[in-house]
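I have placed the structure first, in the form of structure tokens, so that the comments after it can refer back to it.
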There are 2 protein chains.
Amino acid sequence: MDEVFKALADASRRSLLDRLHAENGQTLNELCDGLAMTRQAVTKHLGILEAANLVSTVKRGREKLHYLNPVPIHQIGERWIRKFERGKLAALSDLKRRLESSDE
Amino acid sequence: MDEVFKALADASRRSLLDRLHAENGQTLNELCDGLAMTRQAVTKHLGILEAANLVSTVKRGREKLHYLNPVPIHQIGERWIRKFERGKLAALSDLKRRLESSDE
DNA sequence: ACAATAGGCAACCATACGGTTGCATGTCAA
DNA sequence: TTGACATGCAACCGTATGGTTGCCTATTGT
């Protein structure tokens with residue numbers, strides 16, 4: 001879980017996920033297109049995404065295809081974000097009440 | 001958005017959010033209890049959470065009360081995670097198909 | 001009034017991180 | 001077969017990050 005959060009912390013990596021979401025199964029070079037960084041930098045990012053299980057790869061000849069794995073993202077939604085949604089209204093009214101009472 | 005992701009990337013900070021979720025409106029010292037780090041370290045973490053708008057604070061006398069703001073968490077769920085859930089099944093079957101075809 | 005309590009500020013430190021360059025390896029196509 | 005293409009590996013670099021220590025300020029209870 002920690003690895004997933006850390007992987008998602010970087011905007012370049014989130015954008016890579018976006019691109020895979022738009023078109024799945026891209027090669028390294030395809031994913032490099034238009035990005036203002038070296039291929040090696042992208043390789044590292046993809047490595048981190050793969051280590052976090054957010055991306056799976058398949059080698060096809062001399063190419064490496066990258067596939068998005070949305071499961072960890074989904075799990076964060078289910079196991080982490082949902083927890084905070086339950087208490088949301090209560091927390092907000094708490095906060096509001098507290099902020100208002102500070103004017104007294 | 002980026003600030004929120006970055007703030008959530010650290011396990012200590014997520015645990016602070018958890019503690020505020022369990023009991024809202026705690027002081028700095030209360031939040032320090034049982035944590036294996038200095039008060040100053042916790043202060044920094046809370047500062048990052050506050051900068052990301054995940055925590056709001058109210059000063060009451062010499063104490064500072066910390067309140068969870070679940071809105072950014074909710075937004076990540078809505079604006080970011082949901083996007084990937086839509087294509088989830090398609091992506092998974094894509095991946096499955098690709099993995100299987102690599103055995104051919 | 002004043003000691004204790006709650007917190008703030010700033011400098012410092014080690015390490016992690018994002019990125020680069022340079023070179024090596026493996027695969028395809030003519 | 002050999003050159004071009006796709007990727008891998010490793011060393012290196014500057015900066016961000018998480019954490020510490022030391023000291024200062026403000027509030028409070030007695």
Side-chain angles (χ1 to χ4, degrees), chain A residues 1-20 23-52 54-68 98 101-102 104, chain B residues 1-20 23-67 98-99 101-104:
Chain A
M1 204 73 163
D2 188 61
E3 261 186 322
V4 179
F5 273 108
K6 285 222 161 67
L8 294 181
D10 186 86
S12 304
R13 285 194 288 270
R14 291 198 302 278
S15 127
L16 283 171
L17 293 180
D18 279 341
R19 299 180 71 162
L20 285 181
E23 186 188 339
N24 214 7
Q26 297 185 63
T27 68
L28 214 205
N29 273 329
E30 282 168 348
L31 288 169
C32 286
D33 273 353
L35 292 193
M37 71 181 111
T38 350
R39 176 178 54 84
Q40 282 77 358
V42 178
T43 302
K44 281 196 187 178
H45 283 307
L46 289 171
I48 290 170
L49 290 172
E50 199 173 349
L54 284 159
V55 161
S56 299
T57 60
V58 181
K59 285 184 75 173
R60 187 181 61 184
R62 61 180 161 182
E63 309 183 305
K64 190 173 183 180
L65 305 183
H66 297 77
Y67 290 88
L68 174 64
R98 189 44 79 180
S101 78
S102 69
E104 294 168 358
Chain B
M1 205 72 166
D2 188 60
E3 260 186 324
V4 179
F5 273 109
K6 284 221 162 65
L8 294 181
D10 186 87
S12 304
R13 286 194 287 269
R14 291 199 303 277
S15 128
L16 283 171
L17 292 179
D18 278 342
R19 300 180 71 162
L20 285 180
E23 186 188 340
N24 214 6
Q26 297 186 63
T27 68
L28 214 206
N29 273 327
E30 282 169 348
L31 287 169
C32 286
D33 273 353
L35 292 193
M37 69 181 112
T38 348
R39 176 176 55 84
Q40 284 77 358
V42 177
T43 301
K44 281 195 188 179
H45 283 307
L46 289 171
I48 291 170
L49 291 172
E50 199 173 349
N53 205 30
L54 284 158
V55 161
S56 300
T57 61
V58 180
K59 285 185 78 174
R60 188 181 61 185
R62 63 179 160 183
E63 308 183 304
K64 191 173 183 180
L65 306 182
H66 297 77
Y67 290 88
R98 187 45 80 179
L99 287 171
S101 77
S102 69
D103 292 336
E104 294 169 359

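Each chain gets a letter, A, B and so on, in the order the sequences are listed, and its residues count up from 1. Every value quoted in this text rests on a predicted model; they were computed, and no experiment measured them.
- Using a 4.0 Å cutoff on non-hydrogen atoms, the parts of residues 41-53 of chain B near DNA chain D are B/A41, B/K44, B/H45, B/I48, ordered by number.
- Contact of the A/L16 side chain with the A/V55 side chain is not registered, since no non-hydrogen atoms from C-beta on lie closer than 4.5 Å.
- Under 3.5 Å, the side chain of A/R39 and the base of C/dG19 form no donor-acceptor pair of N or O atoms.
- The nearest whole Å value for the distance from the CZ atom in A/R62 to the P atom in C/dT27 is 11 Å.
- Taking each heavy atom of A/A7 and A/R13 in turn, the nearest pair found is O-NE, 2.8 Å.
- In the set D/dG19, D/dT7, C/dG18, the nucleotide with an atom closest to the side chain of A/T27 is D/dT7.
- The nearest whole Å value for the distance from the CG atom in B/L8 to the P atom in D/dG18 is 12 Å.
- Rounded to an integer number of Å, the gap from A/R60 CZ to D/dA6 C1' is 12 Å.
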(request) For the pair A/R19 and A/D33, evaluate side chain to side chain contact (heavy atoms under 4.5 Å, CB included) and give the outcome as yes or no after the intermediate values. (result) CA-CA 11 Å; A/R19 299 180 71 162; A/D33 273 353; 4.1 Å; yes
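- To the nearest angstrom, P of D/dT27 lies 16 Å from CG of B/L28.
- At the phosphate of D/dG18, OP1 or OP2 sits under 4.0 Å from a side-chain N or O atom of B/R13.
- With respect to A/D2 and A/K6, a salt bridge is recorded, a charged nitrogen being found less than 4.0 Å from a carboxylate O.
- For A/K64 and D/dA6, the NZ to P distance is 16 Å, given to the nearest whole Å.
- Each of A/Q40 and A/S12 was assigned the nucleotide of DNA chain C with the nearest heavy atom; the assignment lying further toward the 5' end belongs to A/S12.
- Between A/L65 atom CG and C/dT27 atom C1' there is a gap of 14 Å when expressed in whole angstrom units.
- The side chain of B/K59 places no N or O atom within less than 4.0 Å of a non-bridging phosphate oxygen (OP1 or OP2) of C/dG8.
- Listed pair A/N29 / D/dT7 meets the phosphate criterion, a side-chain N or O lying under 4.0 Å from OP1 or OP2.
- In this structure, B/Q26 atom CD and C/dG7 atom C1' are separated by 16 Å, rounded to whole Å.
- When rounded to the nearest whole Å, the span between CG of B/L16 and P of D/dG19 equals 10 Å.
- Contact of A/E63 with C/dG26 (side chain to base): no donor-acceptor pair of N or O atoms is detected under 3.5 Å.
- Formation of a donor-acceptor pair under 3.5 Å by the A/H66 side chain with backbone atoms of A/G25 is not found in this model.
- By the 4.0 Å N-to-carboxylate-O rule, A/E63 lies close enough to A/R60 to be salt-bridged with it.
- Side chain of A/E23 to backbone of A/L20: no donor-acceptor contact under 3.5 angstrom is found.
- For C/dC17, the OP1/OP2 oxygens have no side-chain nitrogen or oxygen of A/K6 closer than 4.0 Å.
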